[in-house]
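What you see below is based on every heavy atom in this structure, not just the backbone, and it leaves out hydrogens, waters and symmetry mates.
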Amino acid sequence: MLLAYGILRVGLLVQQEDSRWAVGDLCIAGLFFCLGQLIFFSASSDICASSKHYLDGSFFSQILLLLSVMMIYKSWDSSNNDCFEFEINAVPLLIFPMNIPPLKESGAARPIRGQPSSFASWHQLQ
């Protein structure tokens, strides 16, 4: 399943011309994952014996697995150009009440026909 994800993701990123760094990020993620599995299955007992049973291969394997997942996120983030999460000049999504009809005593307020929505989003403010 991981191999199929990797092949499909690389195929998608090769189709996009502006995301060559994301392919490198996926390759590094695969390297971290394979290195973590190699340490876990082949060097775990040696690490455990040399550290007097305080550590074993699963500790280093989990750290490398975490780095692998972080690189997959970095690949996804660098291939999406419409994400303004870390942009300095980004306009935050503004949602605030504009025209709220008063509550009726008999129940919840219903929107009045022909009136604008109770909330305005950032797209409506452009």
Side-chain angles (χ1 to χ4, degrees):
M1 191 165 68
L2 292 173
L3 184 64
Y5 173 78
I7 291 171
L8 291 174
R9 185 74 178 152
V10 168
L12 177 74
L13 292 173
V14 167
Q15 297 262 332
Q16 296 176 352
E17 295 179 8
D18 59 342
S19 62
R20 299 291 184 220
W21 286 99
V23 176
D25 294 338
L26 277 181
C27 291
I28 292 171
L31 179 71
F32 282 150
F33 179 76
C34 291
L35 188 61
Q37 295 301 308
L38 183 71
I39 287 173
F40 182 71
F41 288 113
S42 66
S44 185
S45 59
D46 296 334
I47 293 171
C48 186
S50 65
S51 67
K52 299 179 184 174
H53 302 284
Y54 287 111
L55 291 176
D56 61 349
S58 65
F59 175 76
F60 297 107
S61 174
Q62 292 300 313
I63 289 175
L64 289 169
L65 183 64
L66 175 68
L67 290 173
S68 175
V69 170
M70 289 171 60
M71 291 305 291
I72 289 173
Y73 172 75
K74 184 172 175 13
S75 168
W76 175 82
D77 190 43
S78 65
S79 67
N80 289 333
N81 295 331
D82 58 344
C83 182
F84 300 117
E85 183 178 358
F86 299 112
E87 192 170 312
I88 295 173
N89 294 328
V91 177
L93 182 65
L94 299 174
I95 297 176
F96 55 90
M98 298 250 323
N99 185 9
I100 299 175
L103 293 175
K104 296 180 182 177
E105 292 180 14
S106 63
R110 294 189 178 119
I112 302 170
R113 291 186 187 189
Q115 292 290 331
S117 174
S118 298
F119 294 96
S121 68
W122 180 75
H123 298 290
Q124 292 172 340
L125 295 176
Q126 288 184 345

Worked verdict on M70 versus L66 for side-chain contact (heavy atoms from CB on, under 4.5 Å): CA-CA 6 Å; M70 289 171 60; L66 175 68; 4.0 Å; yes
Residue pair V69, Y73: steps toward the side-chain contact (heavy atoms from CB on, under 4.5 Å) verdict: CA-CA 6 Å; V69 170; Y73 172 75; 5.8 Å; no
Worked check of side-chain contact (heavy atoms from CB on, under 4.5 Å) between I39 and I47: CA-CA 9 Å; I39 287 173; I47 293 171; 3.9 Å; yes
I need the [X] [atom1] to [Y] [atom2] distance, nearest 0.5 Å.
| X | Y | atom1 | atom2 | result |
| --- | --- | --- | --- | --- |
| L12 | I7 | CG | CD1 | 14.0 Å |
| K74 | W21 | NZ | CH2 | 8.5 Å |
| L65 | S58 | CG | OG | 11.5 Å |

Is it the case that the side chain of [X] and the backbone of [Y] share a donor-acceptor pair, with hydrogens and angles ignored and the cut-off at 3.5 Å?
| X | Y | value |
| --- | --- | --- |
| S44 | F41 | no |
| S42 | L38 | yes |
| S61 | G57 | no |
| S68 | L64 | no |

Closest non-hydrogen atom pair, R9 against S75: NH2-O, 3.8 Å
same_hphob_cluster(F59, F32) at 4.5 Å side-chain heavy-atom cutoff: yes
Hydrophobic cluster identity match, M71 and L35, side-chain contacts under 4.5 Å: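 Yes.
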L55 and F60, any side-chain heavy atoms less than 4.5 Å apart: yes
Minimum side-chain heavy-atom gap Y5-I72 below 4.5 Å: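 Contact flag for Y5/I72 side chains = yes.
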